[in-house]
Amino acid sequence: MYNFILGFHNLFRWVAAILLVYALFRVCKGVFAKSSWSEADKKAGLFLTIGLDIQFLLGLLLYFVYSPITKIFFNNMGDAMNSTELRFYGIEHIFYMLLTIVFAHIGSAIGKKDIADSKKFKRVALWFSLALVTILLGMPWARPFLPTF
């Protein structure tokens, strides 16, 4: 079960990253084109948050139930903090991904508010940009590009 969930989590990270880049592209386009907030802009934020939430749930399953890495981390946190890999998966990865989800949800919520479209695009672009930075910082780049099941 561990290998399947890890493989799916590894594959779905690209879906989440693409959804984030697409949503950020839409809002940046809205900022520069000075366009009106559309249903497509709203849906891009919605699909982004849904994708990130699914990815986060898969990650939580790995983190608390299936991952031998986090089990080692929790069994001896003191020594684990000296290991780059254990510290990354035990603390850094989940911290950055949680920030990513918070930033994306804030941006998506701002997109639903009744404010001027120019302000809405700028504010959402800021939060989605922060989400992009944190997802890039927290992504495990050492993992294979595509999973092996």
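Between F103 and W127, the ring planes are tilted. Angles from 30° to 60° get that label. Ring pair H9/H93 is perpendicular by interplanar angle, where above 60° counts as perpendicular and below 30° as parallel.
You'll find the side chain of L132 reaches within 4.5 Å of the side chain of V21, heavy atoms only. In this structure, the side chains of W141 and L136 come closer than 4.5 Å at one or more pairs of heavy atoms. Looking at K113 and R123, their side chains never come closer than 4.5 Å, going by heavy atoms from C-beta outward. Side-chain contact between L52 and H105: absent, with no pair of heavy atoms (C-beta onward) separated by less than 4.5 Å.
For F74, the CZ atom sits in a packed shell: over 12 heavy atoms of surrounding residues, nucleotides or ligands are nearer than 6.0 Å. The environment of F25 atom CZ is sparse: at most 12 non-hydrogen atoms of other residues, nucleotides or ligands sit within 6.0 angstrom.
Rounding to the nearest 0.5 angstrom, the gap separating the CZ atom in R26 from the NZ atom in K43 is 11.0 Å. For the atom pair S67 OG and L6 CG, the distance stands at 7.5 Å (nearest 0.5 Å). The CG atom of N76 sits 9.5 Å away from atom CG of N82, with the distance rounded to the nearest 0.5 Å. Taking CD1 of I18 as the start and CZ of F12 as the end, the distance is 10.5 Å to the nearest 0.5 Å. Note: L61 CG to F8 CZ = 11.5 Å, rounded to the nearest 0.5 Å. For the atom pair NZ (K119) and CH2 (W37), the distance works out to 15.5 Å, reported to the nearest 0.5 Å.
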